[in-house]
Trainee: 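Right, I'll just put the structure down here and ask away after.
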Amino acid sequence: MTEDAKAAKARYKSTVLLPQTEFSMKGGLTEKEPALQAKWEEEDLYGQIRAARKGGKPWVLHDGPPYANGDAHTGTGMNKILKDMVVKFRTMQGFDSPYVPGWDCHGLPIEHNVLKELGGKKPEEMTSVQLRERCLEYANGYVDKQRGQFKTTGTLGDWQRPYLTTSPEYESNVLRVFRDLFDKGYITRAQRSVHWSWAAQSALAEAELEYEDREDVSIYLRMRARAQVAGVDDVALLIWTTTPWTMPANLAIAVAKDAEYALVEYDRDGKSERTVLAEELREAVLEKSGVTEHKVLKHFRGEALAGVTYSHPLWGSECPVVFADYVTLEDGTGLVHTAPGHGKEDFETGKNHDWFNADRPVCPVSPTGHYYSDDRLREELNLPANHPDDNGWFAFINGKQIWKHNDNVVEKLREQGDLLHSEKFMHSYPHCWRTHTPVIFRATEQWFVNVDHVEAGQTKTLRQRILDEIKNVQWFPAWGEKRISAMVENRPDWCISRQRFWGIPIPGFMDPETGKVCISTQTVDHVVALVAEHGSNVWYDDANWPVDKLLPDAVRPDEFKGRELKKMDDIFDVWFESGSSHRAVMLTNEELKDKFPAGLYLEGDDQHRGWFQVSLILSVATQGVSPFKQCLTSAFVVDENGLKGSKSKGNIWAIDKGVKDLSADLLRLYFASSNTSEPIPVTYDLVRGAGESYRKLRNTFRALVSNLFDFVPDKHAVKYDDLQPLDKWALSQCQRVIDEVTGSWERYEFHTATRALVHFANVTLSSQYIDVCKDRLYCEGAESVSRRSAQTAYWVIADVLMRLMTPVLVHTTEEMWQHIPRWPGTPDSVHLAPWPTAAGEGKRDTALDSRFGLLFKLKAESDRVLDRLRKEKVIGKGYDAHVTLGVNAELMKQLATFGPPETLEPELAEALNVSRVKLDGASDHAALQEFEPATDVKGLFVKVQALEDTACVRCFRRTGDVGSVKEHAFLCTRCAGVVDG
RNA sequence: GCGCCGGUAGCUCAGUUGGUUAGAGCAUACGCCUGAUAAGCGUAAGGUCGGCGGUUCGAGUCCGCCCCGGCGCACCA
């Protein structure tokens, strides 16, 4: 370029309309986000949104309460972010969509930690009320902490007035749910064998069990029959058990009526023995036991064992053989050790045979997992005071811890000579989810919700009605329906009582003299009113709330009037509390109470067994319907190795730390790009990886908006019909993205929506559309229709892009909102803006879609050849090139439908980003060496030549007409015209 | 043990009712531009679609079996 040309270029540069914007290329998110959040809070953005949507169709995501303990980590943080994204999406769609966050504040872990702070147990001088106050303080501390952590993610909601399960209002509503259940006959108090955590000293529900691997010992034990069996003397019955510690509580042996049994004879330790076991298991068991030779004396069916009794191996008492249909021949011996105090089925068997004295199964194990001591042990075992104890078993187990004593029991049985065989084995065994200790079955008196009860006026059991309701809910992903149905079909009655104090009391009273429980609708109602006013502490405040004041005679059933009653000390399972949130929150909160049932519950998929299920049970029983219309679950957060995050492994971090280091928008974008139906790996590096998409979205928006510096929508927007074809095409593409993204959001497929957006920004906009529009925007006259046409499309697209990103990039789009030209009267925050449904006046135009689809295919072919010539140093930029497209007749015909050559060729030059395009439909291109066959377009050949023409110093194109306007020797005709205005 | 989900380029994932030569982003390599510039554009390389068998004119897609990973249920005595 000559010196003159350089000077001219500098001179004309000011006439080029280069992009301008204050919207920075870099996000600087970690600095900007806290300031923006402070502004939102100050201006009460959430309140503004609420006011703006008032009267809209309601659509509520009801928050499942996280537990008020520990940090809000990536998992809980993700859950809040997903919820916020959905609420923002629905809000933008125009729904009235309040978000009331809540916390689960009662329960064992908090009680546990508070006790730990106090040195392991409640100090003598401390009252229950004082201890409960410590628990409340503890929970409230974590509510505050987690609230702060959640807020850093940019999640909007009623953070000032969250629901807490400890508030008197909440507590009283939990009791109202109980009252309704009681009223309808769902509540039973009964002796049953339940899962018991001796470490937590409490009954546990199914949802509170976790299966962990554990080594145990299994024993094959001979129980000596008292009389002949099948006409043979001195016979033993062989049982198998994996819980030797339950032997003291053995009451019977169960056998299968129809199974075939064998009576075998063999030598052991030099003595001859006769033993009964299932024929099918005979070989395996005897071989395992080291019996090398044996002979079968008899075969008979289980039925033949009717009336047989045996001597208890510890106590010597006479015990029966009974029949039970749960006896299988998969494991063991076909003769089942039955201890009603320590097994569900055993308990049923015991109950059916009416073995329980005074309604008490034999259960010699205390709440802490020790055998009882002395008189109590004797009483629990139903042993008379003068019972002979020749082998010293009584002293042997007296007061011992069952697990520690397990092996000792085995050894003593071995010494006694009754042990045929024992072996260690690994199995998965239910553990307490909080203390991670193995649970036991323990027969106790508990409160239950009877899921197979048919209430008055109904024809179906509650279980069936829940299953019906499940079908009315939309489950995302769809397999959730199967999972929860299977759980409900198979679940036992719900044991809702816990023997702790950090919770809501089950409002039962007892007459200690008669053992009768005093409870009625009126008594419960009375307590509900007191709890609503004073909180559940009334139950524990003996000084101010003695029983007579808690339950005056006036509200008691007649038989309890004037009696000395005692408050019972069970509390509700925390799941009963959180499961009542539909009542305590959805049906109570000022903003929510007319919006029941909720539109959506959104939690981790472990809640099928937890919150979803208990919510369904309680809501169907008391309201007759599911408390939610849709249910969305996400998989768990894992680390880069696919391992579940845990604090001890150090592969999980507090969400606010992640926000501080990486920014909320990046985390949100990362979660929005993840397939939440599969385990979601979360590491700093992976989240940083989302930065690529973030930059692309941000810079694409910036490219669009920087070309709108002189564009005022209500003055300059071009009517749809007057837009240039390429711009109409861009709007059509934009419309497609709107439809795609909206559809994905409706199905809660966040990652599909994000992918569509990123692809649109990356390919359609950045690589295709924006690249091609530059000449029009920079070089055409400021007010020219062709430039205003492009700007109109840019504006619409930038606006749509921004809005479609808003539920995810809540901070970034708010910043964008400040930099995009707006119509007068638009709201101050993007979060008050509506969700886009149409790209301006634009619409899908399939003719344009395929027309430009073909042009960009031609571009790809030309690019390939251009690139080769670039590498050969023949050309540099595209404007140095002249592209000849050799096309066959068919392709020419197709191209001709877009317009005559004199308009088509310039349009192609624009689309291909070169100075000149010539269409050649006449030659035999395949025969011509300078033409290169296309790889993806049939009938196309490409020839590229360097242009000798001088480049216009203003628009850089080599159009062949530079200098044709005398006054502007260095400009092309178009630019000269523009400069002269 | 039963069931569900997944296995596609080095990494993260798309692949619609079975239909041309299996796609995208990132990363890599090589270039261009210097008027989106701590940006932007282009090109290339990279795949036995977990394995085997079957149905079909045609299979990443449908069927069967198997292997690997994850999850759920059950493991009771």
Side-chain angles (χ1 to χ4, degrees), chain A residues 9 13 16-21 23 25-26 206 211 218 239-243 246 250 253-254 324 326-328 330-339 342-346 349 427-430 441 477 479-480 482-484 486-487 489-490 605-606 608-609 635-636 638 642-644 673-675 677-679 681 685-686 689-693 695-696 698-707 751-752 755-756 758-759 762-763 766-768 770-772 774-775 777-779 859-860 862-873 875-880 913 935-936 938 954-956:
Chain A
K9 183 179 174 187
K13 176 130 180 162
V16 182
L17 301 164
L18 294 179
Q20 300 170 27
T21 182
F23 186 77
M25 223 158 46
K26 283 182 72 182
E206 299 294 308
Y211 284 80
S218 73
I239 62 101
W240 174 74
T241 182
T242 57
T243 51
T246 61
N250 174 276
I253 291 174
Y326 55 81
V327 175
T328 67
E330 279 157 26
D331 266 316
T333 62
L335 292 95
V336 175
H337 153 58
T338 299
H342 297 298
K344 188 161 286 185
E345 289 163 330
D346 304 35
T349 302
H427 62 160
S428 71
Y429 189 85
F441 270 100
W479 50 257
K482 260 200 212 164
R483 174 171 298 184
I484 196 158
M487 285 174 173
E489 271 165 32
N490 297 320
D605 59 22
D606 58 330
H608 284 119
R609 137 169 118 152
F636 269 103
V638 294
L643 297 172
K644 213 180 237 184
S673 355
S674 300
N675 179 353
S677 68
E678 280 170 43
D685 279 344
L686 285 169
E692 290 301 329
S693 309
R695 270 194 6 238
K696 197 74 209 182
R698 187 177 176 96
N699 279 324
T700 303
F701 175 83
R702 183 169 182 270
L704 294 171
V705 87
S706 63
N707 281 293
H751 66 302
T752 327
R755 189 187 307 280
V758 170
H759 187 264
N762 229 340
V763 179
S766 190
S767 156
Q768 298 184 325
I770 292 178
D771 232 32
V772 160
K774 285 176 186 172
D775 181 73
L777 285 160
Y778 299 171
C779 300
K859 177 171 192 281
S862 135
D863 277 338
R864 191 170 298 117
V865 182
L866 286 168
D867 188 65
R868 209 192 68 232
L869 295 192
R870 266 187 205 114
K871 292 199 167 129
E872 289 167 8
K873 301 290 172 200
I875 54 163
K877 57 183 139 185
Y879 283 159
D880 296 340
N913 244 330
T935 56
D936 287 326
K938 224 191 265 174
R954 186 169 173 276
C955 72
F956 304 164

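Side-chain atoms are counted along with the backbone in the values below, which use heavy atoms only and exclude waters and symmetry mates. Throughout, protein chains are lettered first and strands after them, A, B, ... in sequence-line order, and every chain is numbered starting at 1.
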Trainee: Among B/C41, B/A36, B/U43, which nucleotide sits nearest the side chain of A/D867?
Mentor: B/U43
Trainee: Sort out the partner of B/G1 for me: Watson-Crick or G-U wobble, both distances under 3.5 Å, none otherwise.
Mentor: B/C73
Trainee: Tell me which nucleotide among B/G31, B/G35, B/C4 gets nearest to the side chain of A/L18.
Mentor: B/G35
Trainee: Between A/T338 and A/V336, is there a donor-acceptor pair closer than 3.5 Å when you use the side chain of the first and the backbone of the second?
Mentor: yes
Trainee: Is the base of B/G25 touched by the side chain of A/K696 through a donor-acceptor pair closer than 3.5 angstrom?
Mentor: no
Trainee: Give a yes/no answer on whether the side chain of A/Y778 brings an N or O atom under 4.0 Å of OP1 or OP2 in B/A36.
Mentor: yes
Trainee: Taking for each residue the nucleotide of RNA chain B bearing the nearest heavy atom, is the 5' side occupied by A/N699 or by A/G343?
Mentor: A/N699
Trainee: Check whether A/H759 reaches the backbone of A/A756 with its side chain - one donor and one acceptor, N or O, closer than 3.5 Å.
Mentor: no
Trainee: What's the closest nucleotide to the A/V336 side chain, out of B/G72, B/A77, B/G35?
Mentor: B/A77
Trainee: Could you give the distance from CD (A/E872) to CG (A/D867), rounded to the nearest 0.5 Å?
Mentor: 10.0 Å
Trainee: Answer yes or no: does a side-chain N or O of A/T935 lie under 4.0 Å from OP1 or OP2 of B/U21?
Mentor: no
Trainee: From the list B/G31, B/A14, B/U37, which nucleotide is the closest neighbour of the side chain of A/R702?
Mentor: B/U37
Trainee: Closer than 4.0 Å, any side-chain N/O of A/N675 to the OP1 or OP2 of B/C5?
Mentor: no
Trainee: In terms of side-chain heavy atoms of A/R695, which of B/G40, B/U43, B/G35 is nearest?
Mentor: B/G40
Trainee: Looking only at side-chain atoms of A/R483, point me to the closest of B/C71, B/A77, B/A36.
Mentor: B/C71
Trainee: Would you check if there is a donor-acceptor pair between the side chains of A/H342 and A/T243 at a distance under 3.5 Å?
Mentor: no
Trainee: Taking the C1' atom in each of B/G60 and B/G15, what is the distance between them to the nearest angstrom?
Mentor: 8 Å
Trainee: Taking only the P atom of each, what is the distance from B/G1 to B/C65 in whole angstrom?
Mentor: 15 Å
Trainee: Could you check which of B/G40, B/C32, B/G42 has an atom nearest any side-chain atom of A/D771?
Mentor: B/G40
Trainee: Under a 3.5 Å limit for both distances, which nucleotide forms a Watson-Crick or G-U wobble pair with B/G47, could you say?
Mentor: none
Trainee: Taking only side-chain N and O atoms of A/K482, does any of them lie within less than 4.0 angstrom of OP1 or OP2 on B/C73?
Mentor: no
Trainee: Looking only at the side chain of A/K859 (C-beta and beyond, no hydrogens), which of the listed nucleotides B/G42, B/A77, B/A36 gets closest?
Mentor: B/G42
Trainee: Which nucleotide, B/A27, B/A77, B/G42, lies nearest any side-chain atom of A/T241?
Mentor: B/A77
Trainee: Stacking between A/F701 and B/A36, defined as ring centres under 5.5 angstrom apart with planes under 30°, is that present or not?
Mentor: no
Trainee: Could you tell me the Watson-Crick or G-U partner of B/G18, where both distances fall under 3.5 Å? Say none if there is no partner.
Mentor: none
Trainee: Between B/C5 and B/A14, how far is it from one P atom to the other, in whole Å?
Mentor: 15 Å
Trainee: Looking at B/U55, which nucleotide sits across from it as a Watson-Crick or G-U wobble partner, both distances under 3.5 angstrom, or is there none?
Mentor: none
Trainee: When both hydrogen-bonding distances must be under 3.5 Å and the geometry is Watson-Crick or G-U wobble, what is B/C11 paired with, if anything?
Mentor: B/G25
Trainee: How long is the straight-line distance from CG of A/N699 back to CG of A/N762, given to the nearest 0.5 Å?
Mentor: 11.0 Å
Trainee: Can you tell me the pairing partner of B/U34 across any strand shown, Watson-Crick or G-U wobble, with both distances under 3.5 angstrom?
Mentor: none
Trainee: On the side chain of A/T246, is there an atom forming a donor-acceptor pair with the base of B/A77 - under 3.5 Å, no angle test?
Mentor: no
Trainee: Sticking with atom C1', work out how far B/C32 lies from B/U37, rounded to a whole angstrom.
Mentor: 14 Å
Trainee: Roughly how far apart, to the nearest Å, are B/G18 and B/A59 at atom P?
Mentor: 13 Å
Trainee: Is the shortest side-chain N/O distance from A/T242 to OP1 or OP2 of B/A77 below 4.0 Å?
Mentor: yes
Trainee: Contact class for A/G876 vs. all strands (heavy atom < 4.0 Å): base, sugar-phosphate, or nothing?
Mentor: sugar-phosphate
Trainee: Which distance, rounded to the nearest 0.5 Å, do you find between the CD1 of A/I770 and the CG of A/L704?
Mentor: 4.0 Å
Trainee: With a 4.0 Å cut-off on heavy atoms, is A/R954 in touch with a base, just the backbone sugar-phosphate, or nothing at all?
Mentor: base
Trainee: Answer yes or no: does a side-chain N or O of A/K877 lie under 4.0 Å from OP1 or OP2 of B/C41?
Mentor: no
Trainee: Which base, if any, makes a Watson-Crick or G-U wobble pair with B/G6, both distances under 3.5 Å?
Mentor: B/C68
Trainee: Take A/E692 and A/V758 through the test side chain to side chain contact (heavy atoms under 4.5 Å, CB included) and record every step on the way to the result.
Mentor: CA-CA 10 Å; A/E692 290 301 329; A/V758 170; over 6 Å; no
Trainee: Between B/A36, B/C13, B/G35, spot the one nearest the side chain of A/I770, thanks.
Mentor: B/A36
Trainee: Considering just the side-chain nitrogens and oxygens of A/S766, establish if one lies under 4.0 Å of OP1 or OP2 belonging to B/C41.
Mentor: yes
